[in-house]
Amino acid sequence: MPRDELIRERDFALFAKKLLRRALLGAFWIGVWALIAAVVGLPKLLPGPAETARALVRLAGTGVFWQSVGMTLLRVALGYVCAVAAGALLAAGCWRFAWLDALLSPLRTVIRATPVSSFILLVWLWLKRSHVPVFISFLMVLPIIWTAAQEALSAVDGNLKEMADMYRFTVWKKLRYLYAPSVKPAFMAACMTGLGFAWKSGIAAEVIALTPDSVGKHLSDAKNYLEYPDLFAWTVTVILLSMALEAALKAVARKRREGKG
Amino acid sequence: MICLRQVSAGYPEKEVLKGLNLSLPDKGAVAVMAPSGYGKTTLLRVLAGLLPIQDGELTGLKDQKVSFLFQEDRLLPWLTAEKNVEIVSSPEKARFWLHEMEIEEMNQYPQAMSGGMQRRVALARAMAFGGDVLLLDEPFKGLDGALRARIASRIRGVFPLTVLSVHDQEEAALLGAAIIHLDQEKEERAWQR
């Protein structure tokens, strides 16, 4: 058998093993959930996996479900992308100029220390309901990216910086071949962490601000009307989407890594 | 001629060179020898313009292009051997000097190379960068005898002036370098063996 085929077969076996292990783990926890639901015996208040799955299938058959999911994704993605860009710029600015760091670092501390619910309630008064989740996602991700990127820039190897100066690297060359690769691992890790924060805080903002056409609004409605199977179904949707987004970001990062050899 | 007059230089915690007087010729090779901690590397860093002098005067290096092989290899770990050299020169020059340094696998990353290979890639980079003055800080570190001699024969005479720091006279002889014992009390002239 050719070597490539052997490698492909080995990779497939490893992948199948990993998948099976995950499926077994998932099945175990779903079993625990089913057991607790059966013991409690109140499917309207604590629906089991079967009731939740039925509710999810029913919801997924409606256009409103997909519209809400799409709009929530769009809002969170917008806040997230803006935060990544702004965080990177602020990190570079604060790393380069000490006065800017001194000026802005208290702001970063305040953003980090303030509970997300306080921000949601504050901006709810100032912004349109549909803009609140965008702003909150932005605000929660910003300090994560900013801090990680600034710390990574400060940690760039001094010997390599000196080498770049000695060999007269242009600014562009320094950015491309020294700073970007040095900062990339910490930056990507922060992006991964930030994605979870953006998603959770964005939906929390939708719940509190009752943003129209949003997953958060449906969560809130399900709670208000005591439709707990729906509440569980929307929650499962949020979890599945969060996992899918994280997997997508990891795949993009892996592809870029592989592409660069 | 490169002249250092009463040059003092060092680091905040320690002044390494104190009132050093030294003259270096415009052409040839000069090897600086001294026990560890006497300031060989500090002197090369002063000549490279990486360490400002605290006192005294340095002349003769203005408008000169200086290439420096650091004591550490300082290769960019995310670039291949070829790219590490290409980044300071042209692709043709990079390949030429890697070939001269007997690096056959140019697509290897530094972490996959032996210490000796990394040293030769760093040497190839310093050579490919070109210029008027080549500064070599322990250039043959990690290279065995036969390879050392072959590499030395290829870098000898390429730059108008080569200044190197070495631990033994044999290494200096490989490059046909005049030897300066880093004695800070009196002025040494490089061309006086």
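Atoms considered below: every heavy atom in the structure, side chains included; atoms not considered: hydrogens, waters and symmetry mates. So you know, we letter chains A, B, ... as the sequences are listed, proteins then strands, and number each from 1.
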Between the CD atom in E162(A) and the CZ atom in F70(B), the distance rounded to the nearest 0.5 Å is 5.0 Å
Could you tell me the separation between the OH atom of Y177(A) and the CD1 atom of I87(B), rounded to the nearest 0.5 Å? 5.5 Å
Is it the case that atom [atom1] in [X] sees more than 12 heavy atoms from other parts of the structure closer than 6.0 Å?
| X | atom1 | value |
| --- | --- | --- |
| M192(A) | CE | yes |
| R96(A) | CZ | no |
| K200(A) | NZ | no |
| E102(B) | CD | yes |
| K27(B) | NZ | no |
| Y11(B) | OH | yes |
| F138(A) | CZ | yes |
| R168(A) | CZ | yes |

Minimum heavy-atom distance [X]-[Y], with the two atoms named:
| X | Y | answer |
| --- | --- | --- |
| L160(A) | L75(B) | CD2-O, 3.8 Å |
| M166(A) | V66(B) | CE-O, 3.2 Å |
| S67(B) | Y167(A) | OG-CE2, 3.8 Å |

With a 4.5 Å heavy-atom cut-off, do D157(A) and R74(B) have their side chains touching? no
Heavy atoms only, distances under 4.5 angstrom: which of E72(B), R125(B), K83(B) has the most pairs with chain A? Name it, please. R125(B)
Determine which residues belonging to residues 45-61 of chain B lie within contact range of chain A, meaning some heavy atom pair is under 4.5 Å apart, and list them by number or answer 'none'. R45(B), A48(B), L50(B)
